[in-house]
Amino acid sequence: MHTFLTQHNNNMTVLLLGSGGREHAFAYKIVQSSLCHKLFVAPGNAGTNQIATNINVNPLDFQGVKEFVLANQITMVVVGPEDPLVHGIYDFFKNDAQLKDIPVIGPSKTGAQLEGSKEFAKQFLVKHNIPTAAYDSFTAETVEKGCAFLETLQPPYVLKADGLAAGKGVLIIHDLHEAQTELRNMLLHAKFGTASSKVVIEEFLAGIELSCFVLTDGKNYKMLPTAKDYKRIGEGDTGLNTGGMGAVSPVPFADVVLLEKIETRIVKPTVEGLQKDHIDYKGFIFIGLIIVKGEPMVIEYNVRMGDPETEVVLPRIQTDILQLFSAVASQELDQVSLQIDTRTAATIMVVSGGYPEDYSKGHAISGLENVTDSIVFHAGTKSDEGKVITNGGRVIAVTSFGDNYAEAIKKSYQNIAKLHFDKMYFRKDIGFDLT
Ligand code: AMP
Ligand code: GLY
């Protein structure tokens, strides 16, 4: 097994793409790796700049990425967000004579369709017999059929824009006429732009949600720790949906029996399905599940890690992350064992007042140096003349470990009390539903 490590570069220069809390958590693990020589982050944030080197390159500017990679002898590219993947950064590297031997951690453009197109994902699920909600899909030409299909379903109605809609493309509506109106808005009036030129209508699944994270090399896979995020802005899970206001790992109800079902019915057939369909996939799969009467069903695939779930999942992974990524690149993931910290991790997201609607930026953040016994992951921050200022809606995630939820969550709140910026807001009830 140790032939594996010796074959790999232990002097790696890594380029990480992205700028959120997820990427700061990746950077935190990458710089701890014994294989890491140097880490660049494009474009990064004030947190990544403290532990790595930020560069002013847009992850969607593939030509700019190429120039930087060649000029700086980058030996691996790690992709945080879905956008560059859906736009085909993996294929761009693979098809370029100068870049083709530099591994990209993230799926091919076709693989990224699991997130980039809800219809593609549904077809994949059905084809490979993976449990999911019944569905049909419609376009402007078939809008009336879509309205008729809604009449055959029980409320609530689930409408999903086919394409990427920044997490906003899913509508759950109780009233039939309102659902029909929204379907027309999506298909005929581009409610979500081109993302809603096709709409998937899905059976509503009632149950508890759980996120499962998988790292695959396309042949082998590792199931990473489970996590649960808190999506709503308001306490008691009320108000608008956000990117996520906090997360915990592991998820208490994800017991051995449930995890076994998830692995055999969902994870295995997903990885086997990718192989059968000849889809190049070397990266993360984030599987959104609803547990209906003890049975896991897939509601979505994402082709990246979740944010803020990464801020609790990665700190619990004790295996060297670049060793894992190197094994992904060489399709030898079966040669590496995954060590997980058994403690609980919790993260609380601190946001700018007004988020997820309008909010202001540029507020100085104070108290960061007083945080003890928690990890501060920057999300929307940037450095400004030696100060750290807010630069996004979700600003900072404070992650803590504990022997149980209550302990981990309490530590994060104690440290958040030391932080301040104008219009700072956070949910005070993360973990309220856990026993
Ligand atoms: P998605 O963007 O696909 O994760 O959907 C956003 C949210 O909508 C999910 O986190 C679920 O809470 C909910 N959702 C999506 N699909 C369904 C479904 N078929 N039944 C019930 N809730 C759903
Ligand atoms: N926290 C949910 C997501 O990253 O999509």
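The chain is numbered in sequence order, starting from 1. Atoms within a ligand are numbered from 1 in the order they appear, just like the ligands themselves.
- Atoms of ligand 1 found under 4.0 Å from any heavy atom of Ile172 (numbered from 1 in listed order, with element): 8 (O), 13 (C), 14 (N), 22 (N), 23 (C).
- Note on Glu119 versus Lys160: no salt bridge recorded, every NZ/NE/NH1/NH2 to OD/OE distance being 4.0 Å or above.
- A salt bridge links Lys261 to Glu295: at least one charged side-chain nitrogen sits closer than 4.0 Å to a carboxylate oxygen.
- For ligand 1, the atoms sitting less than 4.0 Å from at least one non-hydrogen atom of Glu300 are 1 (P), 2 (O), 3 (O), 4 (O), numbered in the order shown with element in parentheses.
- By the criterion of a heavy-atom distance under 4.0 Å, the backbone of Glu203, and not its side chain, is placed next to ligand 1.
- Each of the following atoms of ligand 1 lies closer than 4.0 Å to a heavy atom of Lys231: 10 (O).
- The list of ring pair (Phe, Tyr, Trp, His ring centres under 6.0 Å) pairs with a residue in residues 189-210, not counting sequence neighbours, is empty.
- Taking every heavy atom of Lys160 and a limit of under 4.0 angstrom, the matching atoms of ligand 1 come to 3 (O), 15 (C), 16 (N).
- Short contacts between ligand 1 and Glu209, defined as distances under 4.0 Å to a heavy atom of the residue, involve ligand atoms 9 (C), 10 (O), 11 (C), 12 (O).
- For Asp320 and Lys29, the salt-bridge test fails: no basic side-chain N is under 4.0 Å from an acidic carboxylate O.
- Counting heavy atoms closer than 4.0 Å to ligand 1, residue Asn241 contributes nothing at all.
- With atom 22 (N) of ligand 1 as the reference point, the heavy atom nearest to it among Val298, Ile299, Ile290 is part of Ile290.
- Heavy atoms of Val170 found under 4.0 angstrom from ligand 1 belong exclusively to the side chain.
- Ligand 2 lies under 4.0 Å from heavy atoms of Asp229, Gly243, Phe286, Arg304, Gly306, Asp307, Pro308, Glu309.
- Checked against a 6.0 Å centroid threshold, the rings of Tyr425 and Tyr355 do not count as neighbours.
- Ring-centre distance between His24 and Tyr28: not below the 6.0 Å cut-off.
- Listed by chain and number, the residues in a ring-ring contact (aromatic ring centres under 6.0 Å, His included) with Phe401 amount to none (sequence neighbours excluded).
- Seen from the ring of Phe68, Lys66 does not count as a face-on cation partner, given the 6.0 Å and 45° thresholds.
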Donor-acceptor pairs under 3.5 Å, side chain of residues 105-112 to any protein atom, not counting sequence neighbours: which ones?
from	atom 1	to	atom 2	distance (Å)
Ser108	OG	Gly111	N	3.2
Ser108	OG	Asp280	O	2.8

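- For ligand 1, the polar-atom distance check against Leu205 finds a nitrogen or oxygen pair separated by under 3.5 Å.
- Two rings, from Tyr301 and Phe284, have their centers 6.0 Å or more apart.
- Ion pairing of Arg427 with Asp237 is present here, as a side-chain N (NZ or NE/NH1/NH2) and a carboxylate O approach within less than 4.0 Å.
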